[in-house]
Amino acid sequence: MPFQIPRGTQDVLPGETEKWQHVEQVVRSLCGRYGYEEIRTPIFEHTELFLRGVGDTTDIVQKEMYTFEDKGGRALTLRPEGTAPVARAFVEHKLYGSPNQPVKLYYTGPMFRYERPESGRFRQFVQFGVEVLGSSDPAVDAEVIALAMHIYNELGLQHIRLVINSLGDLDSRRAHREALVRHFESRIHELCEDCQARLQTNPLRILDCKKDRGHELMATAPSILDYLNDESRAYFEKVKHYLAVLDIPFVVDSRLVRGLDYYNHTTFEIMSDLEGFGAGATLCGGGRYNGLVQEIGGPETPGIGFALSIERLLAALEAEGGELPVRRGLDCYVVAVGEQAKTEAVRLVYELRRAGLRVDQDYLGRKMKAQLKAADRLGASFVVMIGDEELESGAATVKDMASGEQMKVPFGELAHVLAKRTGREE
RNA sequence: GCGACUAUGGCGAAGUGGUUAACGCACCAGAUUGUGGCUCUGGCAUGCGUGGGUUCGAUUCCCACUAGUCGCCCCA
């Protein structure tokens, strides 16, 4: 094998692309219904954007970025996530001045993280995400969550679970952080190395640690929910209230922290309940990030959004045995025997295509029998056969592949007759 | 970044330190001189991830590399 695909990337081949197209179509259609418009940002950004936006204590920044220097000496990075770029575009194009507020955007495209590939984890993967900028109405939190759930429902996913939490506002977070440090400080040496480092950088993340999960300090650790100030608590209650109104089931998990620094107030994850979804069980993750826009130099603007992985979505659908579109067959395959017939076939195939039919013909010089076989494999509903006989009589032989029935149709009427029989024409 | 397992034709999959690398599917051809899906017959890897080493001899043993799968970390 002279060349191999780079590690952690994948080709999506015909037969598979139809599934992607289907998901993309559903997603776009629902976004339209919810009033979201598409935004497209570049695949790379200045590295600084992610340092500031995502947070330099995060794993994404510390060890997962595809960073490079271009010929002009600029430090650039293949985007590891979509929110910071969208926020950058929001500020750069002054969308905060747009008459339509809040600004509701969606995006889809490849993201890049330098990680060891495993089940449901790739170095290049495709995310779909939405961002709402300019509103701190808890109803927006509910809308965003509803949209994510709606997408999964629409695609037929059954076994999913919505988990939500609140990190509160800055004051609440600060109070909680101090409580955490007080709680762990004296006995931090009992926890793993990572957690010892986290005590300084991001004590919240200690709660998320899988290694120390069983430690008694974890069970007794102060819950963020107990440190929410009145305002934050009221906000969270509102979000839960709206979710209840929408009849969207959820569970609250006070340890749902999430890996990106910019989150506050509502955070949520949608996970697959199926067995065997270890690393890839998180289908969708999101939350509110009221400080982000300001952090990257824009006006104080609240925001909330989520991102989901198309790969994981498809894997979950596959695992649940959900219905996904398969390759569509041809309407018609034109079989030709002989030079003259071949010429007529070339002409006819084009004519039928112009008439809106899905049509193909043989390009390998195969015999009639093999051409029929090819037609069968391509799922052709009809085969049009042309040989000396047909050329003489001026009528092609049309075979209905399902029934095996045959009939003669004058060349001039083929387009019309086939269009009618295949339902491609009114 | 750490760990485990794996790597044979287009796909799946057996196999052995030594003359011709099973089998199944797919594909091609023929039986059928103009007709697919069924059946039968025949064809289809000078090659066993890449590079070294051990050996008289390696696809088979050893090492490295690459890649895949799964787990940890973390996440989508």
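Values reported hereafter were calculated over all heavy atoms of this structure, with side chains retained and with hydrogens, waters and symmetry mates removed. Protein chains get the first letters and strands the later ones, always in sequence-line order, with residue 1 at the start of each.
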Handout entry: Residue A:Phe44 excluded, over 12 heavy atoms near CZ under 6.0 Å
Key =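 Count not over threshold, so no.
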Handout entry: Neighbour count >12 (heavy atoms, 6.0 Å) for atom CZ, A:Phe68
Key =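 Enclosed: over 12 neighbouring heavy atoms sit under 6.0 Å from CZ of A:Phe68.
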Problem - Closest to side chain of A:Met368, choosing from B:G36, B:G34, B:C28 - result: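 Closest nucleotide among those given: B:G34.
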Sugar-phosphate, base or nothing in reach of [X], heavy atoms under 4.0 Å:
{"X": "A:Glu311", "value": "nothing"}
{"X": "A:Glu389", "value": "base"}
{"X": "A:Ala307", "value": "sugar-phosphate"}
{"X": "A:Gly129", "value": "nothing"}

Between the protein and nucleotides 65-69 of chain B, are there any N/O to N/O pairs under 3.5 Å, and if so, what are the atom names and distances?
from, atom 1, to, atom 2, distance (Å)
B:G68, OP1, A:Gly8, N, 3.2
B:G68, OP2, A:Arg7, NE, 2.8

Practice task
Could you check whether the rings of A:Phe306 and A:Phe268 sit parallel, tilted or perpendicular, using 30° and 60° as the cut-offs?
Solution key: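 Perpendicular.
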Practice task
Determine the Euclidean distance between corresponding C1' atoms of B:U54 and B:G17; express it in Å to zero decimal places.
Solution key: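 Nearest-Å result for B:G17 against B:U54 at atom C1': 11 Å.
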Exercise for the section: Looking only at non-hydrogen atoms, find the nearest pair between A:Phe184 and A:Ala221 and report the distance. Expected result: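 Looking at all heavy atoms of both residues, the shortest contact is CZ-CB, 3.9 Å.
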Exercise for the section: Supply the atom-to-atom distance A:His150 NE2 to A:Ile248 CD1, rounded to the nearest 0.5 angstrom. Expected result: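 Reported value, rounded in 0.5 Å steps: 10.0 Å.
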Practice task
Tell me which residues in residues 142-157 of chain A put a heavy atom below 4.0 Å from RNA chain B, sorted by number, or none.
Solution key: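 Output list: empty, so none.
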Handout entry: A:Arg366 side chain near B:C28 phosphate (N/O to OP1/OP2, under 4.0 Å)
Key =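 Yes, such a contact exists.
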Handout entry: Selection residues 369-388 of chain A - residue pairs positive for side-chain hydrogen bond (donor to acceptor under 3.5 Å, both in side chains), sequence neighbours left out
Key =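 Every pair satisfying side-chain hydrogen bond (donor to acceptor under 3.5 Å, both in side chains) with a residue in residues 369-388 of chain A: there are none.
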Practice task
Mind checking which stems touch RNA chain B? I mean at least 3 consecutive Watson-Crick or G-U pairs, both distances under 3.5 Å.
Solution key: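 Listed by first number, the stems are B:1-7 with B:66-72, B:10-12 with B:23-25, B:27-31 with B:39-43, B:49-53 with B:61-65.
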Practice task
Just grab all the salt bridge (Lys or Arg N to Asp or Glu O under 4.0 Å) pairs involving residues 156-168 of chain A, residues at least two apart or on different chains.
Solution key: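 Non-adjacent pairs meeting salt bridge (Lys or Arg N to Asp or Glu O under 4.0 Å): A:Arg161-A:Asp273.
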Practice task
Encode nucleotides 39-44 of chain B as B, S and - characters from 5' to 3', where the letter depends on protein heavy atoms closer than 4.0 Å: B to the base, S only to sugar-phosphate, - to neither.
Solution key: ------
